[in-house]
Number of protein chains: 2
Amino acid sequence: MASIEGLAAIEPYDVFARSCPSRPTLEHVTGRWGGLVLGVLASRPLRFNELRRRVDGVSQKILAQTLQALERDGFVHRELISTFPLRVEYSLTPLGRSVADRLVALFAHLESQMPAVLAAQHRYDERVGR
Amino acid sequence: MASIEGLAAIEPYDVFARSCPSRPTLEHVTGRWGGLVLGVLASRPLRFNELRRRVDGVSQKILAQTLQALERDGFVHRELISTFPLRVEYSLTPLGRSVADRLVALFAHLESQMPAVLAAQHRYDERVGR
DNA sequence: CAGCATCCTTATCGATACTG
DNA sequence: CAGTATCGATAAGGATGCTG
């Protein structure tokens, strides 16, 4: 499992390396909107405007391009329902779910720790003088 | 633990809400550099320029302001060692470690799934015509 | 070594208008 | 409804030079 000390691990992908192909994908997942989109889709499949309402603050343009990136990475499935008016349903793929579950856990943890975070911020601001 | 169906949860913090105080903190943690900084600090405490080398691609300016945000949120401890030349050691607080562990798990998962991601990207590009 | 200040470039984002 | 296209504002980011 562990690599020999002093030798580079023979892991093919490394998010810490600037030009690793995993970097763009990481940014889609942890970027400002990508994570939130995966997070809301973790509860259930949603249509475009439903997503837009749930991910508070995202614009139409940004949501569209976020969804395209996540679809291209294989995290989100886009299903066109040819009714009138047109409907499109977005859902998580199995791969997307495995990622979203971890994100949701992170979000929940952060939310639960917010009192500690706010306290730390307050202490910091006191210390440096606002 | 769970809230009653149909009633809004009485959770004080919600990352999906635009003006929730947890949003900025979430962005520090999942932003382009914050997550990577927490990720490398998860292995061991590091000095400024060590961090800079490990988080491949980050500039001095951005690293400094990323560290300030993480310190203010209470995730990172900054220790000034008054030698000459000056040294500063950055380490995780217990709170920071709880977050970093989850991030590292997410990174490892993403790295392990990169073959599937690249395959999905390829399929997508085929389908739409590059 | 660690990091602030300045300038300047570039990417991101949001608003608006329009299409299938 | 679910987008695309275009434009302009704003913020993020990089390069350089300087300080304790």
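Each chain gets a letter, A, B and so on, in the order the sequences are listed, and its residues count up from 1.
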**Student:** Between B:Ile62 and A:Gln65, name the one whose nearest nucleotide on DNA chain D is closer to the 5' end.
**Tutor:**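 Closer to the 5' end of DNA chain D: A:Gln65.
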**Student:** Please tell me which of the listed nucleotides, C:dG3, D:dC7, D:dG3, lies nearest to the side chain of B:Phe48?
**Tutor:**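 Per side-chain heavy atoms of B:Phe48, the pick is C:dG3.
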**Student:** Quick one: sort the B:Tyr90 and B:Phe48 rings into parallel, tilted or perpendicular, breaks at 30° and 60°.
**Tutor:**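 B:Tyr90 vs B:Phe48 ring planes: tilted.
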**Student:** As a test of reading the structure: which of D:dG14, C:dC13, D:dG3 is closest to the side chain of B:Arg32, going by heavy atoms?
**Tutor:**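 When the side chain of B:Arg32 is considered, D:dG14 is the closest of D:dG14, C:dC13, D:dG3.
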**Student:** Quick one: which of C:dT6, C:dG3, C:dA15 gets closest to the side chain of B:Lys61?
**Tutor:**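 Per side-chain heavy atoms of B:Lys61, the pick is C:dT6.
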**Student:** Using heavy-atom distances to pick each residue's nearest nucleotide on DNA chain C, tell me which of A:Ser59 and B:Pro85 is more 5'.
**Tutor:**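 Its nearest nucleotide lies further toward 5', so the answer is B:Pro85.
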**Student:** Measure from the side chain of A:Gln60, starting at C-beta and using heavy atoms only, and say which of C:dG14, D:dT4, D:dG17 lies closest.
**Tutor:**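 Selected nucleotide: D:dT4.
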**Student:** Check whether A:Val104 and A:Leu26 end up in the same hydrophobic cluster, where Ile, Leu, Val, Met, Phe, Trp and Tyr are linked by side-chain heavy atoms less than 4.5 Å apart.
**Tutor:**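 As far as the 4.5 Å side-chain criterion goes, A:Leu26 and A:Val104 are not connected within one cluster.
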**Student:** What nucleotide among D:dG14, D:dG20, C:dG3 has an atom nearest to a side-chain atom of B:Leu86?
**Tutor:**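 That would be D:dG20.
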**Student:** Reckon B:Arg52 touches a base, only the sugar-phosphate, or nothing at all at heavy-atom distances under 4.0 Å?
**Tutor:**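 Result for B:Arg52 = nothing.
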**Student:** Give one of base, sugar-phosphate or nothing for B:Gln68, where a contact means two heavy atoms less than 4.0 Å apart.
**Tutor:**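 The answer is sugar-phosphate, as B:Gln68 gets under 4.0 Å only of primed atoms, P, OP1 or OP2.
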**Student:** Measure from the side-chain heavy atoms of B:Asn49 and tell me the nearest of D:dA2, C:dG14, C:dC1.
**Tutor:**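 In terms of side-chain proximity for B:Asn49, the closest of D:dA2, C:dG14, C:dC1 is C:dC1.
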**Student:** List the steps and the verdict of side chain to side chain contact (heavy atoms under 4.5 Å, CB included) for B:Arg97 and B:Asp101.
**Tutor:** CA-CA 6 Å; B:Arg97 167 146 305 276; B:Asp101 285 347; 3.2 Å; yes
